[in-house]
> 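Below: one structure in structure tokens.
Every chain is numbered from 1 and lettered A, B, ... according to where its sequence line falls, protein lines coming before strand lines.
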Number of protein chains: 2
Amino acid sequence: MTDEKIDDVDKAILYALQEDARNMSSGDIAERTGTSDSTVRKRIQRLESDGVIKGYSASVDYQKSGYPLRMLLYCTAAIPERGDLVSDILAIDGVVSVQELVTGEQNLLVTAVGETDSDVTPVAQELLDMGLTVADEVLVRSHETTPFGKFNSKTQTGDDS
Amino acid sequence: MTDEKIDDVDKAILYALQEDARNMSSGDIAERTGTSDSTVRKRIQRLESDGVIKGYSASVDYQKSGYPLRMLLYCTAAIPERGDLVSDILAIDGVVSVQELVTGEQNLLVTAVGETDSDVTPVAQELLDMGLTVADEVLVRSHETTPFGKFNSKTQTGDDS
DNA sequence: GATGAAATATATTCTAT
DNA sequence: ATAGAATATATTTCATC
């Protein structure tokens, strides 16, 4: 709940951990920020307990791991709302992400991954069982992410070499 | 290029690293898989060099870090295609993800993050400068991700307690 | 916040199965 | 391809300034 008190050192930490959460040590980040590793470690702990850092995750190439199908499912919640609707959707096997959209109708964007269509069909079924209407399904050909540029003090173009 | 040879141990490794890429040691994963830590380390190295693991990234709550605006920009590529179009888009400041969609018209889904609308407007402008048409913009209220259930041998519901 | 030393954990290399 | 043992390195924890 202690929002907004993110200074440049915090941003540099967030950027570094977005670049490589597994191999970036506190000492490495300390060099970048001109602080000490113990300071960095304390900052990280604070960012974690404040919920600014939600976790650390490996980004997997699902295509190469044998799950070439990535699907976007646009859903409409028929029932007004339930508290843990998002959690329930995340628990569906094959779902990797849920986003609440601020459009009137299609207010949930669910991303599902699978081997074939027959993996995604039951996901859609489970969503229906929850009282959701699947308004549209879109296949994703590729998906790439990048660290957030505004956490990087040096350049604002995404290039930090 | 060595796809498809992902066995159960690999899946367990991927799942573990999706759960916590920073604090999950090779030894921890070895316990789960009933193998040794040296085996796990070699597997991870292979998964990394094969590109199955693309990287390790901290998931940041942009809202709590002072960037409450998350926007989906649906784009159409006017020019047929260019090889590094996606890379160029990822390099735009504020862009955190690009997905190629397999629909006819709106074939690119760009996710941008910012402090206010005035952070997202220049992103749309840069996309235009690249020859892209921004067909639609959708505000995202929340965004959550989860490890891929099919990497988890135990349960297929997303719950592993 | 920063520093330094002790304790712990982790990674690397090599050897063997 | 996996596991084990030894060494080297890195990281965390804690006391201190």
> What I'd like to find out is whether the side chain of A:Ile13 reaches to under 4.5 Å of the side chain of A:Val40, using heavy atoms alone.
yes
> Do A:Asp7 and A:Arg43 have side chains that approach each other closer than 4.5 Å (heavy atoms only, starting at C-beta)?
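They are in side-chain contact.
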> Let me know the distance between CZ of B:Arg43 and C1' of C:dT12, rounded to the nearest Å.
19 Å
> Under 4.0 Å: is that the gap between some side-chain N or O of B:Ser25 and OP1 or OP2 of C:dT10?
yes
> Are OP1 or OP2 of D:dA3 and a side-chain N or O of B:Thr39 less than 4.0 angstrom apart?
yes
> Hey, does B:Glu100 have a side-chain heavy atom less than 4.5 Å from the side chain of A:Val140?
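SC-SC contact between A:Val140 and B:Glu100 ruled out.
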> Could you state the CE-P distance from A:Met24 to D:dT11, rounded to the nearest angstrom?
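Value for this atom pair: 11 Å.
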> Relative to the 5' end of DNA chain C, which residue comes earlier, B:Gly27 or A:Ser36, by the nucleotide with the nearest heavy atom?
A:Ser36
> Distance check needed: C:dT8 C1' versus B:Asp28 CG, whole Å only.
14 Å
> Among all residues two or more places apart in sequence or in another chain, which pass the side chain to side chain donor-acceptor pair (under 3.5 Å) test with B:Ser38?
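B:Ser36.
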> I'd like a table of atom pairs between the protein and nucleotides 13-17 of chain D - only N or O on both sides, under 3.5 Å - with the distance next to each one.
none

> B:Lys54 versus A:Glu144: any side-chain heavy-atom pair under 4.5 Å?
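No, too far: nothing below the 4.5 Å cut-off.
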> Expressed as a whole number of angstroms, how long is the span from A:Arg22:CZ to C:dA9:P?
16 Å
> For the pair made of CG in A:Asp37 and C1' in D:dA10, what is the distance, rounded to whole Å?
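To the nearest whole Å, that distance equals 11 Å.
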> Let me know the distance between CG of B:Asp10 and P of D:dT2, rounded to the nearest Å.
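Interatomic distance, CG of B:Asp10 to P of D:dT2: 8 Å.
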> Please figure out whether B:Asn23 or B:Gly34 has its closest DNA chain D nucleotide nearer the 5' end.
B:Gly34
> Should the ring pair A:Phe151 and B:Tyr62 be called parallel, tilted or perpendicular, given that the plane angle runs from 0 to 90° and is split at 30 and 60?
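Ring orientation, 0 to 90° scale: parallel.
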> What's the CG-P distance between A:Asp8 and C:dG1, to the nearest Å?
13 Å
> Report yes or no: do B:Ile6 and A:Val96 belong to one cluster of Ile/Leu/Val/Met/Phe/Trp/Tyr joined by side chain heavy-atom distances under 4.5 Å?
yes
> Output yes when at least one side-chain N/O atom of B:Ser26 is less than 4.0 Å from OP1 or OP2 of C:dT10, else no.
no
